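Keep in mind that what you see is a predicted model, and the values were worked out from it rather than measured. Below, all heavy atoms of this structure are taken into account, side chains as well, without hydrogens, waters or symmetry copies.
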Amino acid sequence: MKKPFLRKLVAAYIMIALLYTFIAGGVHLYNGYRTMEIQLQDQRAAFVKQTQTRLDMKLSVAFNYVNQLRGKQDVLDYARAPTSNNYALTQVFKELSGNMNAFTNLEYQIDLVALHDSTVITPFSTMSRPHYYEYMGLGPEVVNRLEEYESNGQWSKLHLVTSASAAKLGDRIIFARKETLNGGAEAMFFISFHKETFLPSLKGSGGEDFGILFSDEIWVDGANAEDRPAAAAILSAAGGDSAGDSAGDTGYSVFKLDGKVVHVANAAVLNNLKYVYFTPETSFGASLWTLLRDSSLVYTVMALMGIALAFFLANRMYRPVRNIIGIFKDYNDLKETDEFSFIQETASTIREINLGLRETISNNRLSLKSKFLRDLLLGMLNNEQAMQGVDRYGLEWVRRETTVILFDFPDEQGWEDEYSSEAILHIRSQTMGIIREHIMEFGRCESVELDYSRYAILIPEVRVHRIKQMTVGAVASVEASFGIHITAAVGPPALQFLQLKEACQLAGRLLEQRLTLHKQSVLTYEDLAPLQNLNYYYPLDMERELIIRVLQGKGDQAEELLDHILDENMGKGKLGEGTLQFFLYACITTINRILQHMSKTEADIFPEGRSVYDTLWSSRSEEQIRERLHLLLRRLIQVTEEKNQELDHSIVHQMIDYMHTHYHQDIALADLAKHFNLSSNYISYLIKEHIGDNFKDYLNEYRVKQAKRIINDNPSVKVNDLAGMVGCNNANTFIRIFKKYEGLSPGQYMKQQTNGHA
């Protein structure tokens, strides 16, 4: 027999395996490239920011020391002297040489010269200007520019000493800073750094360079300095020239320019200074080739495994066909034909042989009353038929508030190995009997089988917690008796029997959520509400915010939030009838949670005797729902405000007692917050609201009163001791506080008391 179907299966699975390998490989290569690029950019960004922090620290230390020198008297004397003042010069030299260790450790140096003087003072010697310039390695062009900067009063206060055309920096990076000191004296400070310790070393790092950009010049420490983009192009790409930047702007930007990736970070210390890091652009082709080369073995193995799996799956898929052919060969002769033609011919022969066989299907017929209830719950009756059936079968009680409970039995297929069909029917009958015994405590009830696995029970009860309690007991009894785990869902109460269809449907939706509710045996809408997977808008965080605003007595904010929730759910038919019931039940749940937080019952808040449930479910329109929700919310806020006022007043008295008891200690607002387990802001608000003063003013005023009492009892007490007695650790602070409230110092007050007693 030919086997074309087997060959087609093998070919199809091989194509799928190769296509999967190709797609998976492509996705992996692309993700690998993106990951490499992101990691590389993150590493480079981290390098720039670390270098920025290190260089900013060095510059900050150096220029802070320059600012200290500006105010030193020896520097002022040296700069003010009309002629060379050897004594002042020596004192400045001692100041600089005394910081030699700091210069060495922090790798910088400060030199200075008065503008009228020719002698430069360094930490290790004094020397003439020409000698100093030569020592620092400054060429004639740089010296001329420096002298021009010194004499030009229009130039910036800070200047980087180098020639404008220099592409490389020498051994040092030198900042010249011209300062006008007190009295009009002028001095030039030279702040220098060793290039090799100031700039990071990037030699041998694959075309990467790091430099500094001051105004419109760049100095780069690396082999590729000549290949860097122009300074003006960098400033333009970075968002403006450096002259517009301000010290402290530590912004960071990355852009591509002239075949390089340029990382620019502003110095946090100096104007006009940027740190520039050049790196070569990454090539997608090169990266892709590297990834492909590294992963080629994996892709080859994947392809081979896919081909092997294709042969395996094809044989597995072909096995049923092979088995059928093996069975049918006794009914027909094997011919030179394909598999399906042989099976079709044999099946036709078997069908003709078995035309006389009939299958018997037994149907269990329901009673007329049960059939009516099932049709009513499934929505198969119109209003007139439903009303006639209620009257005919004596079900007048379902015209009032009624709750539907659905019970879902496990799949029969799981029982077949252990029970016969008759035993399964018997178990179900006994199970529903046990459940009805528990439910009968509510009074009347009606049960009906909806389909092969679900039963429904109707009861005249609307208290969800009570229904759940009784249903849990019923399910537990069934599990204890038969070891069967039944799931029950309590639908929302139906105000009239015409709503039983929607109540049953909503209970069915609850059963569909059983796996997401941790396999609870009895489900209610309170269990489903946290999942927020229904078709109405009521997020958990918004519900929490509404509860918090009500409990805090923020009425306007709470009503504003409620309006937002209602606007999102109502108007223009946004919610269907079933979803609206879910939404109203969620609102009722929120109100119940608020009542739990307040430790109140519905009777405490709504003494009229009408429950929240009745108030909302009897609403005829969305406008009525909106109006009644606002009325309920305002009532809750009113009770909350009354409770908060009583509580706040009590807490404030306790706080005052605490301050009066511990005034002699160094207490702060945080101590009250910790003691009363409240936030500092809330305590500050309560004290200000009820006393009129803030915490500090009230405590200080009370301390002054106690200090006066102590002075009256002991006029010779020392001020330092008196400050400690009233909780002030600093005598000067105590004197200032005392004088603020009494108009005179503690010592003057003591004298008055002494003179008065005399």
* Asked: Of the options Y252, Y275, Y277, which is the one that meets H263 in a side chain to side chain donor-acceptor pair (under 3.5 Å)?
  -> Y252
* Side-chain donor or acceptor of D74 paired with backbone N/O of V92 under 3.5 Å -> no
* Is the closest side-chain donor-acceptor distance between N64 and S60 under 3.5 Å? -> yes
* Can you pull the salt bridge (Lys or Arg N to Asp or Glu O under 4.0 Å) pairs that have at least one residue in residues 726-744, sequence neighbours excluded? -> D697-K740, K708-E742
* Stacked cation flag K58 on Y108, 6.0 angstrom / 45 deg -> no
* Asked: Any donor-acceptor pair under 3.5 Å linking the side chain of D721 with the backbone of V717?
  -> no
* **Residue list, salt bridge (charged side-chain N to carboxylate O under 4.0 Å, His left out) with D563, at least two apart or on another chain** => R626
* Rounded to the nearest 0.5 Å, how far apart are CG of L744 and CD1 of I735? -> 11.5 Å
* Does H116 use its side chain to pair, donor to acceptor, with the backbone of A79 at less than 3.5 Å? -> yes
* Side-chain donor-acceptor contact under 3.5 Å, D77 with Q73 -> yes
* Could you tell me if the ring centre of H131 sits under 6.0 Å from that of Y135? => no
* Keeping the roles fixed (side chain from R549, backbone from K554), state whether a donor-acceptor pair exists under 3.5 Å. => no
* Return yes if a side-chain donor-acceptor contact under 3.5 Å exists between Q109 and D111, otherwise no. => yes
What side-chain donor-acceptor pairs closer than 3.5 Å can you find for residues 38-46, not counting sequence neighbours?
| residue | atom | partner | partner atom | Å |
| --- | --- | --- | --- | --- |
| R44 | NH1 | T279 | OG1 | 3.1 |

* **Heavy-atom donor-acceptor pair, K178 side chain to Y149 backbone, under 3.5 Å** => yes
* Does one side chain, of N694 or K688, offer a donor that lies under 3.5 Å from an acceptor on the other? -> no
* For the pair R54 (side chain) and K49 (backbone), establish whether a donor and an acceptor sit closer than 3.5 Å, ignoring hydrogens and angles. => no
* Quick one: sort the Y132 and F190 rings into parallel, tilted or perpendicular, breaks at 30° and 60°. => tilted
* To do: Indicate whether any N or O donor in one side chain lies under 3.5 Å from an N or O acceptor in the other, for N99 and Y65.
  => yes
* To do: State whether the number of non-hydrogen atoms from other residues, nucleotides or ligands found under 6.0 Å of E560 atom CD is greater than 12.
  => no
* **Ring centre gap for F189 and F63 strictly below 6.0 Å** => no
* Exam field: side chain T90 to backbone N86, donor-acceptor pair closer than 3.5 Å -> yes
* Please work out which of the three classes, parallel, tilted or perpendicular, describes the rings of F210 and F47, given edges at 30° and 60°. => perpendicular
* Asked: Is a side-chain N or O of R177 found less than 3.5 angstrom from the main chain of V66, in a donor-acceptor match?
  -> no
* Kindly indicate, with the supporting measurements, whether the criterion side chain to side chain contact (heavy atoms under 4.5 Å, CB included) is fulfilled by F175 and L59. => CA-CA 10 Å; F175 293 94; L59 291 172; 4.0 Å; yes
* Asked: Looking only at atom types and distance, does a side-chain atom of H675 sit under 3.5 Å from a main-chain N or O of D671, one as donor and one as acceptor?
  -> no
